[in-house]
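Data block below; observations after.
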Amino acid sequence: MERIPLSRPSISPLEKLRVASVLESGRLALGPEILEFEDRMSIAAGTDYAVATNSGTSALHIILVALGIDQKDEIITTPFSFVASSNAALFCGARPIFVDIDANTLNIDPGAIEAAINDSTRGIIGVDVFGVPADWTTIENIAERHGLVVVDDACEALGATIDGRKIGSFGDAASFGYYPNKQITTGEGGCVTTNSGELAEVMRSLRNQGRSNSAVMNHVRLGYNYRMNELSAALGNAQLERLDELLNKRRAKAQYYSELLAPYADEISTPSLSTDYKRSWFVYVIQLAPDYSGTERDQVMQGLRNKGIECAPYFPCIHLQPYYVEQFGYRRGMFPVAESISDRSIALPFYPEISSQDQERVVQGLLAEVSTLHARTTVRDVAFGSQKQM
Ligand SMILES: *Cc1c(COP(=O)(O)O)cnc(C)c1O
């Protein structure tokens, strides 16, 4: 049987047309596509400014540089995220201070933030993990009380909203990323969104070798080459034109998985759906029941792979990554909620064009694997809708 990939970008004739026309134009860098992309992103995020970059990681880095974060500073963030969100603090020499997560949203637990604040604390990097908005209103209130900067790593949450506001518009600035597994892709790419004209100006300079934005060969600060190219921007413009379509398809695929898995809630819990916010579907991550160990989860994943079904352990805790253990002495046991959820999580194949048949094959494979471990329910040989019809 054919392998079912973990993710797959949705590329229509529109993307091909727009990228081809950039190739024909001969203008491959610093052109009109980037300006259009920034306009479209500021609308998608509900902000006054957008600054496109060559990755989500570089977007995060220039936000922290523009905010003046340095080696004297501590930055509060979540241990349950992709490693880039706390690496950005390390690039500036700052120390990441982790705070455990809320078991429902999987985002930083706002009630635990204040206990981690001290005289060295300069800011909070929240992450909208898997496309679920963090509790930004509470985070902004805490930051205001303590004079901290707020950064939203929104790389997984394009299109999400909370408290009537679009993700990307909270805090001092937000970062987006467009790797091919994200809601939209530019191949590689990223963007900062912000309502601060001053920050946007500094970040435009930082992404372009520290140039002053008026004179080309005048370098006024230490900058980087973090520019997005025109081919990527053209791809991104086509994807943003299709944003509603792409988000709706992802939502429908997520709903189908949740429907198929609903009868097996004792064994497998599905992503939380709350009406407190509108999530954007980045990945579809299930959790095995609390009595599964990390080793058993790994066995389930290996079993799926043997069946030609790709999957991933999203996310291993950042504080337990070897580099963080070595540099900062973090240990298992420090963030028990994040650790337990991390040990039991599996990301299933998820993308706009995954077929219902493939989703059913994934769920059958998963049920067969868990049946070999904790058989509370007999979950072998289930047949689903589209198979019964065949
Ligand atoms: C994807 C992602 C990033 C950015 O990744 P790049 O590969 O640098 O574009 C940053 N933070 C999180 C949480 C992400 O998921």
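In listed order, ligands and their atoms are each counted from 1. Just the heavy atoms: all of them, side chains too, but no hydrogens, waters or symmetry mates, feed the values below.
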Considering both backbone and side-chain atoms of [X], is one of its nitrogen or oxygen atoms within less than 3.5 Å of a nitrogen or oxygen in ligand 1?
X	result
Tyr179	no
Ser85	no
Gly56	yes

In terms of relative ring orientation, are Trp136 and Phe170 parallel, tilted or perpendicular, with 30° and 60° separating the classes?
parallel

Can you say whether the rings of Tyr284 and Phe350 are parallel (under 30°), tilted (30 to 60°) or perpendicular (over 60°)?
tilted

Indicate if Tyr351 and Val283 have the same hydrophobic cluster label, given that clusters are the connected sets of ILVMFWY residues with side-chain heavy-atom separations under 4.5 angstrom.
no

Min side-chain heavy-atom separation Asp153-Thr77 under 4.5 Å
no

Check ligand 1 against [X] and write out every atom of the ligand that is under 4.0 Å from a heavy-atom position of the residue.
X	answer
Cys155	2 (C), 3 (C), 4 (C), 10 (C), 11 (N), 12 (C), 14 (C)
Phe82	2 (C), 3 (C), 12 (C), 13 (C), 14 (C), 15 (O)
Ser81	13 (C)
Thr57	4 (C), 5 (O), 6 (P), 8 (O)
Ala84	10 (C)

Ile268: which of Ile286, Val363, Ile346, Val300 passes side-chain contact (heavy atoms from CB on, under 4.5 Å)
Ile286

Regarding Ser55 and Tyr179, is there a side-chain donor-to-acceptor distance under 3.5 Å anywhere?
no

Without hydrogens or angle criteria, can the side chains of Tyr324 and Asn87 be said to hold a donor-acceptor pair below 3.5 Å?
yes

For ligand 1, which part of Asp153 has a heavy atom less than 4.0 Å away: the side chain, the backbone, both, or neither?
side chain

Can you figure out which of Lys182, Glu188, Glu156, His61 has its heavy atom closest to atom 2 (C) of ligand 1?
Lys182

